[in-house]
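Before any comments, here is the structure.
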Amino acid sequence: MSLVLFNDLTRTKEKFTPINKGHVSFYSCGPTVYDYFHIGNARPFIVFDVLRRWLEHEGYSVKFVQNFTDIDDKMIHRAHRENITVQQLAERFIAEYNKDADALGIRRPDVAPRATEHIPEIISTIQRIIDNGHAYVSEGDVYFDIRSWPKYGSLCKQNLEDLEAGARIEPGEKKRDPLDFALWKAEKPGEPSWPSPWGMGRPGWHIECSAMSSKYLGDNIDIHSGGVDLMFPHHENEAAQSEAASGTGKPFVNYWLHNGFLLIDSEKMAKSLGNFVTAREALKKYPPLAIRFFMLSAHYRSPINFTPESLEQAAAGVERLRNCRSDLDFAAKTRRDNNSDFYVDKFKSELDDLHAKFSEAMNDDFNTAAAMGVLFDVVYLINTSLKENESLPEDFFTMSKNALNEYDEILGIIGSDDAETEHDEEAAEIERLIKERSEARKAKNFARSDEIRSELKARGIVLEDTPQGTKWKREL
RNA sequence: GGCGGUAUAGCCAAGUGGUAAGGCAGAGGACUGCAAAUCCUUUACCCCCAGUUCGAAUCUGGGUGCCGCCUCCA
């Protein structure tokens, strides 16, 4: 079974066939670095990172490019307000982006290009569009001429009349058509600007993605992703520009993917509604694994609702996954016996069946919600095996751990077992207290035993007693 | 007004025409010094109405609710 993706170009699921066998070119719209990114931005970063991981898991060599937009109106305003340069602002929030993205387990792109570092490419892209007859210069601005582009509106499935009915027509318009959009904006006092054939100025919003994706991925790329709200105008414009610039007649993008919106308490997130939540704030309140779990628990195209309840439910789900891993690790240390009469072949065939189901779910438009359902079936299989057998052979542990690791490399919602991975002084102290507590319990000194347990609990360490001894983990 | 999405248990959520995955929460039980974890048991008139079909959560038509885009917000 091969990968099928829902392509917004055709609004149908299509079999994924890359341009070059075994290779995938993937461009994902990145943040405008004028502030911390918000929890709604985090959704595409997380879900498309999972798609990237899945493609790699399936053996593709993926080139993943995600830009930083470091010049636009918002950047300029914020920099003015903070009395710093636009570049300083960008440096700061690129660093903050990386911090939050790393915390959320989002892998760094292969290339993270910045608009301001690609001004020559942007200018030459604009020049090619003009040369090809699809843009015009107007008082130092350059506009894309949408009337010259018959395909305009084909991505968002709107006809020009309907789009124009909603378009804002500003007084003193320098455009020929209200839907024409700026490729290059003439310099305004106090704003960063660069020399160009049309005078000093700066790039428009959409053109950077065209210039940079073409530079790093070529004129015809496999996958381009972003939030649904980018479909129009951003992606529509990008496609028009890129294809007008390349002049090859090839589509800019073969598969357009858009994630659904994230709502907060059933409302659109907006600064005016006062319900704006940055990823930074969310990370203070909820474990990163829980945020990922939440993002992946619904299909990426469905809307999701960010509420305290949904995050708490997600955290509880993560706990179940993590408990399975730590129970497994603990049992591997205490109950491993290759003479066990555990029926490995049956276990293996059950794991294989689930593996097939997992792949089927991921291949179906990366249905992470269904894939997570399978992961919980794997957990159940491991848990019941642990429950029903006094001792288990090496093969059981190897297969189980490999399965959890494999799924977690794709979804990133389990994480490591604290007792396995931490070996510092604190871990040693925990082990020492556990030993002391075990002796107290043996002596039926439950007062001391419970005291140790609650002391550790206050430090975020949870103890669990098993017939084979006491195991520990950190609270999420 | 134009375009599009969505409606499944208390909550989150998957679902390929053949009598509803999974998670969270709840109830009862096993295990436990007590906990915790785990396991067992238990919880659905699939928004409404009509139609197609041997058979519909799934397809068609019509309602209703919610949401998004058309405003450089992922």
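We use all heavy atoms of the structure for the numbers below, so side chains are in, but hydrogens, waters and symmetry mates are not. Each chain gets a letter, A, B and so on, in the order its sequence line appears, and its residues count up from 1.
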- Applying the 3.5 Å cut-off to both distances, the Watson-Crick or G-U partner of B:C72 turns out to be none
- Message: With a 3.5 Å limit on both atom pairs, tell me what B:U42 is paired to, counting Watson-Crick and G-U wobble, or say none.
- Response: B:G26
- Query: Atom CG of A:L183 and atom C1' of B:C72: how far apart are they, to the nearest Å?
  - Reply: 14 Å
- Message: Would A:K13 and A:F6 count as a cation-pi pair here, with the cationic atom under 6.0 angstrom from the ring centre and within 45° of the axis?
- Response: no
- For B:G33, which nucleotide is its Watson-Crick or G-U wobble mate, given both distances must be under 3.5 Å? none
- Message: What's A:D327 touching, base or sugar-phosphate or nothing? Going by heavy atoms closer than 4.0 Å.
- Response: sugar-phosphate
- Item | Under 3.5 Å donor-acceptor pair, A:N237 side-chain atoms to B:C72 base atoms | no
- Note on the structure: OG1 (A:T368) and CZ (A:F293) are apart, to the nearest 0.5 Å, by 10.5 Å
- Between A:Y300 and A:N367, do the side chains contain an N or O donor and an N or O acceptor separated by less than 3.5 Å? no
- Message: One character per nucleotide, please: for nucleotides 21-26 of chain B, 5' to 3', B when the base has a protein heavy atom closer than 4.0 Å, S when only the sugar-phosphate does, - otherwise.
- Response: BSBS--
- Message: Which is more 5' along RNA chain B, the nucleotide nearest A:C156 or the one nearest A:I304? Just name the residue.
- Response: A:C156
- Task: Could you tell me the separation between the CG atom of A:D8 and the P atom of B:G68, rounded to a whole number of Å?
- Result: 18 Å
- Hey, could you give me each pair passing salt bridge (charged side-chain N to carboxylate O under 4.0 Å, His left out) that has a residue in residues 327-336 of chain A? Not counting sequence neighbours. A:D327-A:K471, A:D329-A:K401, A:K333-A:E420, A:R336-A:E394
- Sequence neighbours excluded, the answer for side-chain contact (heavy atoms from CB on, under 4.5 Å) partners of A:T470 is A:I434, A:R437, A:S438, A:R441, A:L463, A:D465
- Can you tell me the Watson-Crick or wobble partner of B:A20, both distances under 3.5 angstrom? none
- Message: Categorize A:L463 for me: base, sugar-phosphate, or nothing, with a 4.0 angstrom heavy-atom threshold over every strand shown.
- Response: base
- Whole angstrom is fine here: how far is it from CZ in A:F330 over to C1' in B:A36? 13 Å
- Query: Roughly how far apart, to the nearest Å, are B:C45 and B:U19 at atom C1'?
  - Reply: 14 Å
- Message: Can you say whether a donor on the side chain of A:D450 sits under 3.5 Å from an acceptor on the base of B:G33, or the other way round?
- Response: yes
- Item | Given B:G33, B:A13, B:C72, the nucleotide with the shortest approach to the side chain of A:A298 | B:A13
- Message: When you measure from the centre of the six-membered ring of A:Y136, is the NZ or CZ of A:R176 closer than 6.0 Å and no more than 45° off the axis?
- Response: yes
- Could one point to a donor on the side chain of A:R441 or the base of B:G33 with an acceptor on the other under 3.5 Å away? yes
- Here the residues of residues 65-76 of chain A within 4.0 Å heavy-atom distance, strictly under, of RNA chain B are A:D73, A:K74
- Task: Indicate whether OP1 or OP2 belonging to B:A74 is found under 4.0 Å from a side-chain N or O atom of A:N259.
- Result: no
- Task: Name the pairing partner of B:U6, where a pair is Watson-Crick or G-U wobble with both distances under 3.5 Å, or state none.
- Result: B:G65
- Please measure how far the P atom in B:U58 lies from the corresponding atom in B:C47, and state the result in whole Å. 8 Å
- Task: Measure from the side chain of A:F261, starting at C-beta and using heavy atoms only, and say which of B:A74, B:A14, B:A36 lies closest.
- Result: B:A74
- A:E388 CD to B:C39 P: how many Å, rounded? 10 Å
- Atom CD of A:E475 and atom P of B:A37 are separated, to the nearest Å, by 11 Å
- Grab the CD-C1' distance between A:Q241 and B:C72 for me, whole Å please. 12 Å
- Query: Roughly how many Å is it from CH2 in A:W472 to C1' in B:A37, rounded to a whole number?
  - Reply: 16 Å
- Query: A:N305 or A:K471: which one's nearest nucleotide on RNA chain B is closer to the 5' end?
  - Reply: A:N305
- Item | By ring-ring contact (aromatic ring centres under 6.0 Å, His included) - contacts of A:F397 (at least two apart) | none
- Residue matched to B:G51 through Watson-Crick or wobble contacts both under 3.5 angstrom: B:C59
- Query: Rounded to the nearest 0.5 Å, what separation is found between the CG atom of A:D365 and the CD atom of A:E14?
  - Reply: 10.5 Å
- To the nearest angstrom, how far is A:D229 atom CG from B:C3 atom C1'? 15 Å
- Item | Partners passing ring-ring contact (aromatic ring centres under 6.0 Å, His included) against A:H118 (at least two apart in sequence or in another chain) | A:Y216
- So, are A:E350 and A:K346 salt-bridged, with charged N and O less than 4.0 Å apart? yes
- Inter-nucleotide C1' distance (B:G5, B:U42), Å rounded: 36 Å
- Classify the angle between the aromatic ring planes of A:H258 and A:H235 as parallel (below 30°), tilted (30 to 60°) or perpendicular (above 60°). tilted
- Message: Just N and O in the side chain of A:S302: are any of them under 4.0 Å from OP1 or OP2 of B:A14?
- Response: yes
- Base, sugar-phosphate, or nothing: which does A:L375 touch, judged by heavy atoms less than 4.0 Å apart? nothing
